[in-house]
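Residues take their numbers from the sequence shown, with the count starting at 1. Just the heavy atoms: all of them, side chains too, but no hydrogens, waters or symmetry mates, feed the values below. When a ligand or atom number is given, it counts from 1 through the structure's own listing order.
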Amino acid sequence: MTDDAPTPADQHARVVVIGAGQAGLSVGYHLRRLGLTPGEDLVILDRAASTGGAWQFRWEALRLGAAHRVHDLPGMNAMGLRFDDADRSRPARDVVGEYYRRFEQHYDLRVRRPVAVSSVSRIGSGDAGRGSSGLCVVVRAADGGERRITADVVVNASGTWGTPFLPWYPGRDVFRGRQLDTTEYRSAADFAGQDVVVVGGGTSAIGFLLELDGVAARTRWFTRRPMVWSETSALDVEAAVSAVDEQDRAARAGEALPSIVSGTGVPVTRRIRSGIDRGVLRESPMFSRLDETGVVTADGEHVHADAVLWATGFRADLRHLAPLHLRTAAGGVVVEDGRSVDEPRLFLAGYGPQASTIGANRAGRRIARQVVDALAAADA
Ligand code: FAD
(Lines give C-alpha, C1' and ligand atoms only; values in the text may rest on other atoms or scores of the structure.)
Protein backbone atom coordinates (compact mmCIF):
# COMPACT_ATOMS: atom_id res chain seq x y z
CA MET A 1 0.00 0.00 0.00
CA THR A 2 1.18 3.55 -0.57
CA ASP A 3 1.07 6.62 1.63
CA ASP A 4 -2.30 8.35 1.64
CA ALA A 5 -4.12 5.32 0.19
CA PRO A 6 -7.66 5.17 1.61
CA THR A 7 -7.87 1.64 2.93
CA PRO A 8 -10.55 0.13 5.15
CA ALA A 9 -9.02 -1.18 8.37
CA ASP A 10 -9.88 -4.49 10.02
CA GLN A 11 -9.27 -3.01 13.44
CA HIS A 12 -8.34 0.24 15.11
CA ALA A 13 -6.08 0.26 18.15
CA ARG A 14 -4.78 3.29 19.94
CA VAL A 15 -1.33 1.75 20.09
CA VAL A 16 0.29 -1.06 18.10
CA VAL A 17 3.57 -2.46 19.42
CA ILE A 18 5.65 -4.36 16.86
CA GLY A 19 7.76 -7.01 18.57
CA ALA A 20 7.52 -8.80 21.93
CA GLY A 21 11.17 -8.98 22.94
CA GLN A 22 12.57 -7.20 25.97
CA ALA A 23 11.78 -3.78 24.49
CA GLY A 24 8.22 -4.50 23.31
CA LEU A 25 7.25 -6.32 26.51
CA SER A 26 8.63 -3.52 28.64
CA VAL A 27 6.64 -0.90 26.72
CA GLY A 28 3.54 -3.12 26.84
CA TYR A 29 3.84 -3.58 30.60
CA HIS A 30 4.10 0.19 31.22
CA LEU A 31 1.29 1.05 28.80
CA ARG A 32 -0.98 -1.41 30.61
CA ARG A 33 -0.08 0.18 33.93
CA LEU A 34 -0.94 3.56 32.43
CA GLY A 35 -4.43 2.36 31.61
CA LEU A 36 -4.42 0.80 28.15
CA THR A 37 -6.18 -2.53 27.70
CA PRO A 38 -4.16 -5.26 25.95
CA GLY A 39 -5.99 -6.83 23.04
CA GLU A 40 -8.25 -3.78 22.66
CA ASP A 41 -6.61 -0.38 22.62
CA LEU A 42 -3.14 -1.89 22.93
CA VAL A 43 -2.20 -4.53 20.36
CA ILE A 44 1.19 -6.27 20.59
CA LEU A 45 2.28 -8.26 17.53
CA ASP A 46 5.16 -10.66 17.07
CA ARG A 47 6.13 -12.63 14.00
CA ALA A 48 7.82 -15.42 15.92
CA ALA A 49 5.89 -18.52 16.84
CA SER A 50 6.89 -18.50 20.48
CA THR A 51 7.91 -16.28 23.39
CA GLY A 52 11.46 -15.05 24.04
CA GLY A 53 12.06 -12.40 21.38
CA ALA A 54 15.36 -13.05 19.59
CA TRP A 55 16.53 -15.21 22.49
CA GLN A 56 14.32 -18.09 21.29
CA PHE A 57 16.50 -18.37 18.15
CA ARG A 58 19.90 -18.37 19.83
CA TRP A 59 22.09 -21.43 19.68
CA GLU A 60 21.65 -24.27 22.10
CA ALA A 61 24.97 -23.90 23.94
CA LEU A 62 24.42 -20.23 24.86
CA ARG A 63 23.79 -19.85 28.59
CA LEU A 64 22.63 -16.82 30.54
CA GLY A 65 25.62 -14.95 31.86
CA ALA A 66 27.83 -16.07 28.97
CA ALA A 67 27.46 -12.71 27.21
CA HIS A 68 26.55 -9.80 29.44
CA ARG A 69 23.90 -9.62 32.12
CA VAL A 70 20.27 -10.05 31.15
CA HIS A 71 18.18 -7.61 33.11
CA ASP A 72 14.81 -8.50 34.52
CA LEU A 73 11.75 -7.09 32.84
CA PRO A 74 9.94 -4.44 34.87
CA GLY A 75 7.39 -6.19 37.08
CA MET A 76 9.20 -9.51 36.89
CA ASN A 77 10.46 -9.34 40.46
CA ALA A 78 6.90 -8.90 41.70
CA MET A 79 6.23 -12.33 40.18
CA GLY A 80 9.21 -13.79 42.07
CA LEU A 81 11.28 -14.15 38.88
CA ARG A 82 14.89 -13.02 38.51
CA PHE A 83 17.25 -13.85 35.66
CA ASP A 84 20.15 -13.82 38.14
CA ASP A 85 18.59 -16.84 39.87
CA ALA A 86 17.81 -18.65 36.61
CA ASP A 87 19.19 -22.08 35.87
CA ARG A 88 22.48 -21.58 34.00
CA SER A 89 22.70 -25.21 33.02
CA ARG A 90 19.75 -24.77 30.66
CA PRO A 91 19.99 -23.07 27.24
CA ALA A 92 19.37 -19.31 27.54
CA ARG A 93 16.77 -19.57 24.78
CA ASP A 94 14.63 -21.94 26.89
CA VAL A 95 14.98 -19.95 30.11
CA VAL A 96 14.23 -16.56 28.52
CA GLY A 97 11.38 -18.03 26.48
CA GLU A 98 9.84 -19.48 29.62
CA TYR A 99 10.28 -16.30 31.73
CA TYR A 100 8.79 -14.10 29.00
CA ARG A 101 5.87 -16.51 28.58
CA ARG A 102 5.11 -16.35 32.31
CA PHE A 103 5.47 -12.57 32.21
CA GLU A 104 3.07 -12.20 29.28
CA GLN A 105 0.55 -14.45 31.00
CA HIS A 106 0.86 -12.78 34.40
CA TYR A 107 0.30 -9.31 32.98
CA ASP A 108 -2.21 -10.56 30.42
CA LEU A 109 -0.44 -8.80 27.54
CA ARG A 110 -2.25 -10.86 24.86
CA VAL A 111 0.58 -10.85 22.34
CA ARG A 112 -0.65 -11.94 18.92
CA ARG A 113 1.70 -14.40 17.21
CA PRO A 114 2.84 -15.41 14.74
CA VAL A 115 1.84 -12.14 13.11
CA ALA A 116 4.45 -10.45 10.90
CA VAL A 117 4.18 -6.75 10.16
CA SER A 118 4.96 -6.22 6.50
CA SER A 119 4.52 -2.44 6.36
CA VAL A 120 3.69 0.69 8.30
CA SER A 121 2.46 3.71 6.37
CA ARG A 122 0.69 7.01 6.92
CA ILE A 123 -3.04 7.25 6.48
CA GLY A 124 -4.25 10.11 4.34
CA SER A 125 -6.57 12.80 5.67
CA GLY A 126 -9.22 11.60 3.23
CA ASP A 127 -9.93 8.46 5.24
CA ALA A 128 -13.08 8.39 7.30
CA GLY A 129 -13.39 7.42 10.93
CA ARG A 130 -10.97 7.02 13.80
CA GLY A 131 -7.33 6.68 13.01
CA SER A 132 -7.70 8.84 9.93
CA SER A 133 -4.68 10.82 10.98
CA GLY A 134 -2.75 7.83 12.23
CA LEU A 135 -0.65 5.03 10.90
CA CYS A 136 -1.68 1.88 9.09
CA VAL A 137 -0.02 -1.40 10.05
CA VAL A 138 -0.31 -4.18 7.50
CA VAL A 139 0.15 -7.65 8.95
CA ARG A 140 0.45 -11.14 7.61
CA ALA A 141 -1.19 -13.63 9.94
CA ALA A 142 -0.48 -17.35 10.39
CA ASP A 143 -3.28 -18.20 7.93
CA GLY A 144 -1.42 -16.20 5.26
CA GLY A 145 -4.14 -13.55 5.21
CA GLU A 146 -3.32 -9.86 5.18
CA ARG A 147 -5.01 -7.51 7.64
CA ARG A 148 -4.83 -3.81 8.36
CA ILE A 149 -4.75 -2.32 11.81
CA THR A 150 -4.87 1.43 12.11
CA ALA A 151 -3.28 3.05 15.14
CA ASP A 152 -2.83 6.49 16.62
CA VAL A 153 0.68 5.52 17.66
CA VAL A 154 3.05 2.72 16.65
CA VAL A 155 5.89 1.53 18.86
CA ASN A 156 8.46 -0.35 16.84
CA ALA A 157 10.41 -2.86 18.94
CA SER A 158 11.53 -5.22 16.21
CA GLY A 159 15.14 -5.71 17.34
CA THR A 160 18.02 -6.67 15.09
CA TRP A 161 17.99 -10.46 14.79
CA GLY A 162 16.23 -10.38 11.40
CA THR A 163 18.99 -8.30 9.81
CA PRO A 164 22.45 -9.74 10.45
CA PHE A 165 25.17 -7.62 8.87
CA LEU A 166 27.74 -9.24 6.59
CA PRO A 167 30.54 -7.02 5.33
CA TRP A 168 31.59 -7.43 1.73
CA TYR A 169 35.06 -8.82 1.08
CA PRO A 170 36.37 -9.77 -2.34
CA GLY A 171 35.90 -13.45 -3.06
CA ARG A 172 32.87 -13.90 -0.83
CA ASP A 173 31.08 -15.22 -3.90
CA VAL A 174 33.84 -17.63 -4.96
CA PHE A 175 34.51 -19.40 -1.64
CA ARG A 176 33.29 -22.97 -2.06
CA GLY A 177 32.92 -23.84 1.63
CA ARG A 178 30.08 -22.96 3.92
CA GLN A 179 29.43 -19.35 4.92
CA LEU A 180 27.02 -18.56 7.72
CA ASP A 181 26.12 -15.73 10.06
CA THR A 182 25.35 -15.68 13.78
CA THR A 183 21.64 -16.35 13.25
CA GLU A 184 22.46 -19.55 11.34
CA TYR A 185 24.86 -21.04 13.88
CA ARG A 186 23.35 -24.01 15.71
CA SER A 187 26.07 -26.07 17.35
CA ALA A 188 29.83 -26.62 17.38
CA ALA A 189 29.18 -30.26 16.47
CA ASP A 190 28.21 -29.12 12.96
CA PHE A 191 31.90 -28.21 12.45
CA ALA A 192 33.50 -31.32 13.91
CA GLY A 193 36.90 -31.90 12.32
CA GLN A 194 36.64 -28.81 10.11
CA ASP A 195 38.82 -25.74 9.64
CA VAL A 196 36.72 -22.76 10.65
CA VAL A 197 37.43 -19.08 10.14
CA VAL A 198 35.51 -16.87 12.58
CA VAL A 199 35.09 -13.17 11.73
CA GLY A 200 34.08 -10.44 14.16
CA GLY A 201 35.17 -8.84 17.43
CA GLY A 202 32.07 -9.21 19.58
CA THR A 203 30.85 -11.60 22.21
CA SER A 204 29.20 -13.90 19.65
CA ALA A 205 32.52 -14.51 17.84
CA ILE A 206 34.26 -15.16 21.16
CA GLY A 207 31.53 -17.57 22.21
CA PHE A 208 31.80 -19.47 18.92
CA LEU A 209 35.60 -19.76 19.16
CA LEU A 210 35.38 -21.13 22.69
CA GLU A 211 32.69 -23.61 21.71
CA LEU A 212 34.55 -24.75 18.60
CA ASP A 213 37.77 -25.31 20.54
CA GLY A 214 38.46 -29.05 20.64
CA VAL A 215 35.59 -29.80 18.23
CA ALA A 216 36.75 -28.11 15.01
CA ALA A 217 40.11 -29.25 13.61
CA ARG A 218 41.41 -25.66 13.64
CA THR A 219 39.99 -22.20 14.14
CA ARG A 220 41.38 -18.85 13.02
CA TRP A 221 39.95 -15.55 14.20
CA PHE A 222 39.89 -12.31 12.21
CA THR A 223 38.77 -8.90 13.46
CA ARG A 224 38.67 -5.50 11.82
CA ARG A 225 40.26 -3.83 14.83
CA PRO A 226 42.59 -5.24 17.50
CA MET A 227 40.57 -6.56 20.43
CA VAL A 228 40.20 -4.32 23.45
CA TRP A 229 39.98 -6.53 26.52
CA SER A 230 38.58 -5.01 29.65
CA GLU A 231 40.26 -6.60 32.66
CA THR A 232 37.15 -6.52 34.79
CA SER A 233 34.87 -9.51 34.75
CA ALA A 234 31.83 -7.28 34.31
CA LEU A 235 31.24 -4.67 31.64
CA ASP A 236 33.22 -1.47 32.38
CA VAL A 237 30.48 0.91 33.45
CA GLU A 238 32.24 4.11 32.38
CA ALA A 239 33.10 2.69 28.96
CA ALA A 240 29.56 1.37 28.65
CA VAL A 241 28.13 4.82 29.39
CA SER A 242 30.29 6.45 26.74
CA ALA A 243 29.41 3.71 24.21
CA VAL A 244 25.70 4.26 24.88
CA ASP A 245 26.21 8.04 24.57
CA GLU A 246 27.82 7.45 21.20
CA GLN A 247 24.81 5.36 20.15
CA ASP A 248 22.54 8.17 21.27
CA ARG A 249 24.53 10.77 19.31
CA ALA A 250 24.37 8.60 16.18
CA ALA A 251 20.60 8.02 16.59
CA ARG A 252 19.94 11.76 17.01
CA ALA A 253 22.06 12.46 13.93
CA GLY A 254 20.25 9.80 11.91
CA GLU A 255 23.49 7.91 11.36
CA ALA A 256 24.06 4.17 11.09
CA LEU A 257 24.60 2.91 14.63
CA PRO A 258 28.08 1.91 15.84
CA SER A 259 28.62 -1.42 17.58
CA ILE A 260 28.42 -1.34 21.37
CA VAL A 261 31.47 -3.53 22.04
CA SER A 262 33.64 -1.29 19.89
CA GLY A 263 33.13 1.28 22.66
CA THR A 264 33.22 -0.87 25.77
CA GLY A 265 35.85 -3.51 25.25
CA VAL A 266 35.09 -7.10 26.11
CA PRO A 267 35.16 -8.06 29.78
CA VAL A 268 37.67 -10.84 30.47
CA THR A 269 35.72 -13.51 32.29
CA ARG A 270 37.49 -16.61 33.63
CA ARG A 271 36.41 -18.56 30.55
CA ILE A 272 37.73 -15.86 28.21
CA ARG A 273 41.00 -15.59 30.18
CA SER A 274 41.52 -19.29 29.74
CA GLY A 275 40.77 -18.97 25.99
CA ILE A 276 43.33 -16.14 25.65
CA ASP A 277 45.95 -18.09 27.61
CA ARG A 278 45.44 -21.21 25.47
CA GLY A 279 45.77 -19.18 22.26
CA VAL A 280 42.18 -19.90 21.18
CA LEU A 281 41.35 -16.21 21.41
CA ARG A 282 44.19 -14.71 19.42
CA GLU A 283 42.94 -12.46 16.68
CA SER A 284 44.55 -11.65 13.35
CA PRO A 285 43.94 -8.46 11.38
CA MET A 286 41.11 -8.80 8.90
CA PHE A 287 42.01 -10.87 5.83
CA SER A 288 42.02 -9.12 2.48
CA ARG A 289 40.02 -11.63 0.43
CA LEU A 290 38.51 -15.08 0.21
CA ASP A 291 39.33 -17.60 -2.46
CA GLU A 292 37.79 -20.95 -3.32
CA THR A 293 39.32 -22.80 -0.37
CA GLY A 294 39.84 -20.24 2.34
CA VAL A 295 41.00 -16.71 3.07
CA VAL A 296 44.14 -14.79 2.17
CA THR A 297 45.68 -12.45 4.74
CA ALA A 298 47.20 -9.06 4.01
CA ASP A 299 50.64 -10.75 4.24
CA GLY A 300 49.63 -13.21 1.54
CA GLU A 301 49.20 -16.21 3.88
CA HIS A 302 46.56 -18.65 2.70
CA VAL A 303 44.36 -19.95 5.53
CA HIS A 304 42.38 -23.04 4.59
CA ALA A 305 38.72 -22.98 5.66
CA ASP A 306 35.85 -25.42 5.36
CA ALA A 307 33.56 -22.77 6.81
CA VAL A 308 33.58 -19.02 7.37
CA LEU A 309 31.43 -17.88 10.26
CA TRP A 310 30.52 -14.19 10.02
CA ALA A 311 29.79 -12.97 13.55
CA THR A 312 29.83 -9.41 12.32
CA GLY A 313 26.87 -7.88 14.06
CA PHE A 314 23.43 -6.69 13.20
CA ARG A 315 21.52 -3.70 11.95
CA ALA A 316 18.17 -2.49 13.23
CA ASP A 317 15.42 -4.43 11.45
CA LEU A 318 13.31 -1.56 10.12
CA ARG A 319 12.39 -2.94 6.68
CA HIS A 320 8.65 -2.76 7.36
CA LEU A 321 8.98 0.98 8.06
CA ALA A 322 10.20 1.69 4.50
CA PRO A 323 6.89 3.33 3.38
CA LEU A 324 7.48 6.05 6.00
CA HIS A 325 10.70 7.10 4.22
CA LEU A 326 12.58 7.77 7.43
CA ARG A 327 16.04 6.63 6.37
CA THR A 328 18.55 9.46 6.12
CA ALA A 329 21.45 9.66 3.69
CA ALA A 330 23.68 8.83 6.68
CA GLY A 331 22.06 5.39 6.90
CA GLY A 332 19.94 5.70 10.04
CA VAL A 333 16.68 7.10 11.35
CA VAL A 334 16.59 10.31 13.38
CA VAL A 335 15.49 9.24 16.86
CA GLU A 336 15.43 11.38 19.99
CA ASP A 337 14.61 9.79 23.30
CA GLY A 338 12.95 6.86 21.58
CA ARG A 339 10.79 8.93 19.23
CA SER A 340 11.13 9.40 15.50
CA VAL A 341 11.73 13.07 14.77
CA ASP A 342 10.33 12.85 11.24
CA GLU A 343 7.25 10.80 12.22
CA PRO A 344 6.22 11.70 15.78
CA ARG A 345 3.52 9.00 15.85
CA LEU A 346 6.29 6.42 15.68
CA PHE A 347 8.43 5.37 18.64
CA LEU A 348 11.45 3.11 18.39
CA ALA A 349 12.03 1.00 21.49
CA GLY A 350 15.31 -0.88 21.83
CA TYR A 351 16.92 1.28 19.14
CA GLY A 352 20.40 2.82 19.43
CA PRO A 353 21.19 3.70 23.05
CA GLN A 354 18.39 1.36 24.20
CA ALA A 355 19.83 -1.74 22.53
CA SER A 356 20.52 -3.85 25.61
CA THR A 357 18.14 -5.49 28.03
CA ILE A 358 18.64 -2.68 30.58
CA GLY A 359 18.32 -0.02 27.88
CA ALA A 360 15.17 -1.69 26.59
CA ASN A 361 13.71 -1.67 30.11
CA ARG A 362 14.38 2.04 30.63
CA ALA A 363 12.99 2.75 27.18
CA GLY A 364 9.77 0.99 28.11
CA ARG A 365 8.93 3.41 30.88
CA ARG A 366 9.99 6.55 29.03
CA ILE A 367 8.31 5.62 25.78
CA ALA A 368 5.07 4.54 27.47
CA ARG A 369 4.79 7.93 29.17
CA GLN A 370 5.40 9.76 25.90
CA VAL A 371 2.87 7.55 24.11
CA VAL A 372 0.20 8.33 26.67
CA ASP A 373 0.96 12.06 26.31
CA ALA A 374 0.74 11.75 22.52
CA LEU A 375 -2.67 10.04 22.82
CA ALA A 376 -3.94 12.74 25.17
CA ALA A 377 -2.75 15.41 22.73
CA ALA A 378 -4.53 13.63 19.87
CA ASP A 379 -7.77 13.57 21.90
CA ALA A 380 -7.56 17.22 22.92
P1 FAD B 1 14.40 -8.80 20.17
O2 FAD B 1 14.62 -9.69 21.31
O3 FAD B 1 15.08 -9.12 18.89
O4 FAD B 1 12.82 -8.77 19.91
C5 FAD B 1 12.28 -8.27 18.74
C6 FAD B 1 10.99 -9.00 18.45
O7 FAD B 1 10.36 -8.37 17.34
C8 FAD B 1 11.20 -10.45 18.07
O9 FAD B 1 10.43 -11.27 18.91
C10 FAD B 1 10.74 -10.52 16.61
O11 FAD B 1 10.07 -11.73 16.33
C12 FAD B 1 9.81 -9.34 16.50
N13 FAD B 1 9.73 -8.78 15.16
C14 FAD B 1 10.74 -8.31 14.39
N15 FAD B 1 10.28 -7.84 13.21
C16 FAD B 1 8.95 -8.01 13.24
C17 FAD B 1 7.91 -7.73 12.29
N18 FAD B 1 8.16 -7.18 11.10
N19 FAD B 1 6.64 -8.05 12.64
C20 FAD B 1 6.37 -8.61 13.84
N21 FAD B 1 7.32 -8.90 14.76
C22 FAD B 1 8.58 -8.60 14.46
N23 FAD B 1 21.75 -7.98 25.78
C24 FAD B 1 21.90 -7.98 27.12
O25 FAD B 1 21.46 -7.03 27.78
N26 FAD B 1 22.53 -9.02 27.75
C27 FAD B 1 23.04 -10.08 27.06
O28 FAD B 1 23.61 -11.00 27.64
C29 FAD B 1 22.91 -10.10 25.64
N30 FAD B 1 23.37 -11.15 24.91
C31 FAD B 1 23.22 -11.12 23.56
C32 FAD B 1 23.72 -12.19 22.81
C33 FAD B 1 23.60 -12.20 21.42
C34 FAD B 1 24.14 -13.35 20.64
C35 FAD B 1 22.97 -11.11 20.77
C36 FAD B 1 22.84 -11.07 19.27
C37 FAD B 1 22.46 -10.04 21.51
C38 FAD B 1 22.59 -10.03 22.90
N39 FAD B 1 22.10 -8.98 23.67
C40 FAD B 1 22.24 -9.00 25.03
C41 FAD B 1 21.40 -7.88 23.05
C42 FAD B 1 19.95 -8.32 23.14
O43 FAD B 1 19.53 -8.92 21.96
C44 FAD B 1 19.06 -7.20 23.56
O45 FAD B 1 19.53 -6.71 24.75
C46 FAD B 1 17.59 -7.52 23.75
O47 FAD B 1 17.32 -8.86 24.02
C48 FAD B 1 16.93 -7.08 22.51
O49 FAD B 1 15.57 -6.95 22.80
P50 FAD B 1 14.62 -6.35 21.73
O51 FAD B 1 13.26 -6.45 22.32
O52 FAD B 1 15.09 -5.01 21.29
O53 FAD B 1 14.76 -7.28 20.44
Side-chain angles (χ1 to χ4, degrees), residues 16-28 43-59 61-73 83-84 86 88 92-93 95-97 99-101 104 111-120 137-142 149 154-165 181-183 185 200 202-208 211 234-235 240 244 259-261 264 266-267 269 311-322 338 348-364 367:
V16 168
V17 177
I18 304 171
Q22 187 97 7
L25 290 180
S26 174
V27 175
V43 171
I44 308 176
L45 308 169
D46 198 292
R47 71 176 166 208
S50 190
T51 51
W55 287 94
Q56 70 192 280
F57 302 112
R58 293 199 175 131
W59 55 100
L62 186 69
R63 298 291 186 269
L64 284 182
H68 308 304
R69 184 160 175 247
V70 174
H71 287 263
D72 297 333
L73 281 161
F83 278 124
D84 282 352
R88 293 191 175 196
R93 65 183 185 200
V95 176
V96 178
Y99 278 34
Y100 282 12
R101 178 176 50 73
E104 288 180 19
V111 177
R112 296 187 195 165
R113 58 166 63 86
V115 176
V117 172
S118 43
S119 74
V120 179
V137 178
V138 178
V139 304
R140 219 177 31 257
I149 306 174
V154 169
V155 179
N156 189 76
S158 52
T160 60
W161 191 253
T163 39
F165 171 71
D181 64 52
T182 300
T183 68
Y185 178 91
T203 43
S204 302
I206 293 166
F208 295 148
E211 283 170 30
L235 199 65
V244 169
S259 112
I260 286 268
V261 283
T264 59
V266 175
T269 59
T312 37
F314 295 85
R315 297 286 183 262
D317 188 353
L318 305 179
R319 293 167 292 183
H320 47 286
L321 303 181
L348 290 100
Y351 182 81
Q354 306 170 349
S356 68
T357 50
I358 189 161
N361 278 359
R362 292 202 192 107
I367 287 178

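Residue contacts with ligand 1: Phe314 is included, with a non-hydrogen atom under 4.0 Å away. Taking 4.0 Å as the cut-off, Ala360 does not count as a neighbour of ligand 1 on heavy-atom distance. Not a single heavy atom of Phe83 sits closer than 4.0 Å to an atom of ligand 1.
Applying the 6.0 Å contact sphere to CZ of Arg140 captures no more than 12 heavy atoms from other residues, nucleotides or ligands.
Listed by chain and residue number, nothing satisfies the ring pair (Phe, Tyr, Trp, His ring centres under 6.0 Å) test with Tyr100 (two or more places apart in sequence, or in another chain).
No donor-acceptor pair closer than 3.5 Å links the side chain of Asn361 to the backbone N or O of Ser26. In this structure, Gln22 contributes its side chain and Val70 its backbone to no donor-acceptor pair below 3.5 Å. Judged by distance alone, the side chain of Asn156 and the main-chain N or O of Leu348 form no donor-acceptor pair under 3.5 Å.
Of the heavy atoms in Leu62, none comes closer than 4.0 Å to ligand 1.
Less than 4.0 angstrom separates some heavy atom of Ile18 from each of these atoms of ligand 1: 17 (C), 19 (N), 20 (C). Atoms of ligand 1 lying under 4.0 Å from any heavy atom of Ser204, numbered from 1 in the order shown and given with element: 34 (C). Here is the list of ligand 1 atoms found below 4.0 Å of a heavy atom in Trp59: 34 (C). Remark: ligand 1 atoms within the under-4.0 Å shell around heavy atoms of Ala157 are 5 (C), 6 (C), 7 (O).
Aromatic ring orientation, Phe57 versus Trp161: parallel (interplanar angle below 30°, classes split at 30° and 60°).
Among Arg113, His71, Arg47, the residue whose heavy atom lies nearest to atom 22 (C) of ligand 1 is Arg47. Within the set Arg63, Arg112, Arg58, Gln22, the minimum heavy-atom distance to atom 43 (O) of ligand 1 is found for Arg58.
Residue contacts with ligand 1: Ala23 is placed with a nitrogen or oxygen under 3.5 Å of a nitrogen or oxygen of the ligand (distance criterion only).
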